[in-house]
Amino acid sequence: MGFMKDPSATVAWGFTRWLIAGNVAVVVIIVTMAGSAIYADYVQHRQIAFGRVANVAQVMARYLAGVFDKTDLALRSVAYEYQYHMLGTGGTNAPAIRKLVAHQRATLPEVDSIRIATADGVVRFGTDGVDGIRIDDRSYFERARDGEPALILSEPLLGRISGKWLVVAARRLARPDGSFAGVAFASITSDYLSNSFAAVDLGRDGAISMRDLDLRLVARHPDLAGSASAVSRANVSAQLREVLRSGPESGTYIAPTALDGIERLNAYQRVGELPFYVIVGISSSEWRAAVAQDASAIGSLAAMALLLTLGFSWLLHGAWRRRESALAAEKRSSEELARVNKALEELSVRDPLTGLLNRRYLDETMAREIAQAERSAQPVSFVLIDLDHFKRLNDTRGHRAGDAVLRAVGVLLSDSIRAGDLACRYGGEEFLLVLPGTPAEVAVQRTDELRAALARLRVADEGAPLRVTLSAGVATYPDHGATREALIRSADAALYLAKAAGRDCVRLAGLAEATTT
């Protein structure tokens, strides 16, 4: 008999070859997918980490800007009271000045102290009872003495009174004739800023620092051993200096931190228009450990697939579920940052579109302004402004054009008011000016000048330039009311008369006749 092949062996060999080929194909697919997944995971973790630190940097920059805005408002109030109601009366009332300074300090937990130094550079009044210290060699005092009118922010300083590292915010004081009368200044300590940074969880070895434009350290968290001695020093990485040359407002980079040698993934953000940066970093080992952990999981799944192909889908699903859990955790972190961001924005005193004070701040301030006017027996005028036919402009030219007009009006109001005056976006196209020490007739005259300036203004937009006019009502304490509500009602009634008279005019509350265009 001849030799005959076993059909079953042929089938088995065919099945084996198919199984081997199938397994090889599965292995190739698994390895390819695993490699792609590891790379995509690496990219995603890196992007998430960059997004996380960038979000925190933006939130902290807005928080710091708010701290200095509130400090500046307090200094403006101190300067106004000191200049107009103390120096302006021909003498200084020391108990009243100390009470004023103490009141402003009590409203600002961010500030370590508020003091007033006279023109000779000697501290005369302060919340901590320390007088007689000379500051005439400090750069912020010299800048004020040279005539700088805006808020002055110092470099990091070691306080002579407190012995703490701090930043000074100062405003120039002037006598009625405009000559230099000294400075009102507030100290914000590096410790306070560091403690504020500590509220943000950036994981192990995360860090937040604040530096000035010359990259001198102002504050840092965590406050590692020896980092206090690094305050005012500009020891930063070459990578930070490099990215600042191409992106002076914000950016990201990876580099070892010069202070402690830990490599971090960092984001920096300019603090508004102030001369500071906030720099937020998370340890590179943290996000790379997450990548390595995911890569290990994916590799284990691939190895398991070589031994148990049928179990591969289940294992892959487990890895995917873990990955989804990690992404969900990152999403929760982002939502928490968003909530923090929203809370800080709600605390902001500025209207984001026009840059003017918002209504909430004004509601808190009007009662104080009226009380100050009552104490000083001085008038305070309130001007309620409404843009004429603004709804029609929005309907015909679009909301972008309307926003452009609101921004332009905000700039005009900001440029037109004096130091000590307040300009607020009261709602929609309505604005409110608070003019301390201004009688009704002067307020009407100034408002009419503002009306004429707006009538001449042309706002650039796609197509023809935009022109807008305003109607305004003026009410003055105590002539037209003694409370915030009464004065607002009087100003609103005067505004109604201005609109009834054909708009583009100013009316004074309680008068049958008023200033016209």
Side-chain angles (χ1 to χ4, degrees), residues 80 84 351 354 356-359 361-390 405-406 408-457 468-517:
Y80 176 80
Y84 291 96
D351 172 57
T354 63
L356 301 177
L357 296 170
N358 59 29
R359 181 168 180 173
Y361 176 82
L362 189 70
D363 287 343
E364 297 171 354
T365 303
M366 285 183 67
R368 183 168 69 244
E369 293 293 340
I370 293 172
Q372 290 175 352
E374 182 179 6
R375 289 196 303 271
S376 60
Q378 292 288 326
V380 56
S381 291
F382 298 85
V383 182
L384 189 59
I385 296 171
D386 188 81
L387 302 183
D388 298 329
H389 304 298
F390 187 77
V405 168
L406 291 174
V409 172
V411 172
L412 178 63
L413 293 179
S414 297
D415 293 342
S416 300
I417 62 175
R418 308 165 304 178
D421 294 344
L422 302 176
C424 161
R425 184 181 180 189
Y426 199 63
E429 67 273 20
E430 286 190 327
F431 301 85
L432 185 67
L433 302 181
V434 181
L435 310 177
T438 305
E441 295 77 7
V442 176
V444 169
Q445 178 184 356
R446 289 182 57 194
T447 305
D448 198 57
E449 291 171 354
L450 180 64
R451 178 202 60 76
L454 180 61
R456 294 190 299 269
L457 184 66
V468 68
T469 60
L470 63 82
S471 300
V474 179
T476 303
Y477 170 89
D479 300 340
H480 306 120
T483 66
R484 177 174 65 87
E485 294 77 9
L487 289 163
I488 290 297
R489 284 196 301 270
S490 297
D492 190 56
L495 173 60
Y496 179 81
L497 292 176
K499 287 189 171 292
R503 296 181 169 84
D504 193 19
C505 61
V506 181
R507 292 290 184 266
L508 178 62
L511 297 181
E513 300 293 331
T515 302
T516 61
T517 59

Stepwise side chain to side chain contact (heavy atoms under 4.5 Å, CB included) test for Val409 and Ile385: CA-CA 11 Å; Val409 172; Ile385 296 171; over 6 Å; no
Working for side chain to side chain contact (heavy atoms under 4.5 Å, CB included), residues Ile488 and Leu432: CA-CA 9 Å; Ile488 290 297; Leu432 185 67; 3.8 Å; yes
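- Using a 4.5 Å heavy-atom cutoff, the side chains of Ser414 and Leu356 are in contact.
- By the 4.0 Å N-to-carboxylate-O rule, Arg451 lies close enough to Asp448 to be salt-bridged with it.
- Put simply, CG on Leu406 and CD on Glu429 are 7.5 Å apart, with the number rounded to the nearest 0.5 Å.
- At most 12 heavy atoms of other shown residues, nucleotides or ligands fall within 6.0 angstrom of atom OH in Tyr496.
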Full working for side chain to side chain contact (heavy atoms under 4.5 Å, CB included) between Glu374 and Tyr477: CA-CA 9 Å; Glu374 182 179 6; Tyr477 170 89; 3.3 Å; yes
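- Annotation: side chain of Phe431 is in contact with side chain of Leu387 (closest heavy-atom distance under 4.5 Å).
- For Ser381 and Arg446, the side-chain atoms include no donor-acceptor pair closer than 3.5 Å.
- Residues Val434 and Val380 meet the side-chain proximity criterion, which asks for heavy atoms closer than 4.5 Å.
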Residues Leu470, Phe390; criterion side chain to side chain contact (heavy atoms under 4.5 Å, CB included); working and verdict: CA-CA 9 Å; Leu470 63 82; Phe390 187 77; over 6 Å; no
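- Thr354 and Asp351 are linked by a side-chain donor-acceptor pair at a separation below 3.5 angstrom, with hydrogens and angles left out of the test.
- Rounded to the nearest 0.5 angstrom, Asp492 CG and Leu497 CG are separated by 10.0 Å.
- With sequence neighbours excluded, the residues forming a side chain to side chain contact (heavy atoms under 4.5 Å, CB included) with Ile417 are Asp421, Ala423, Leu433, listed by chain and number.
- By the side chain to side chain contact (heavy atoms under 4.5 Å, CB included) test, Ser471 is found to be paired with Asp388, Leu495, Ala498, Lys499, Arg503, residues two or more places apart in sequence or in another chain being considered.
- If you take CZ on Phe382 and CZ on Arg484, they are separated by 9.5 Å, rounding to the nearest 0.5 Å.
- Residues Val383 and Leu450 are not in side-chain contact: their nearest non-hydrogen atoms beyond the backbone lie 4.5 Å or more apart.
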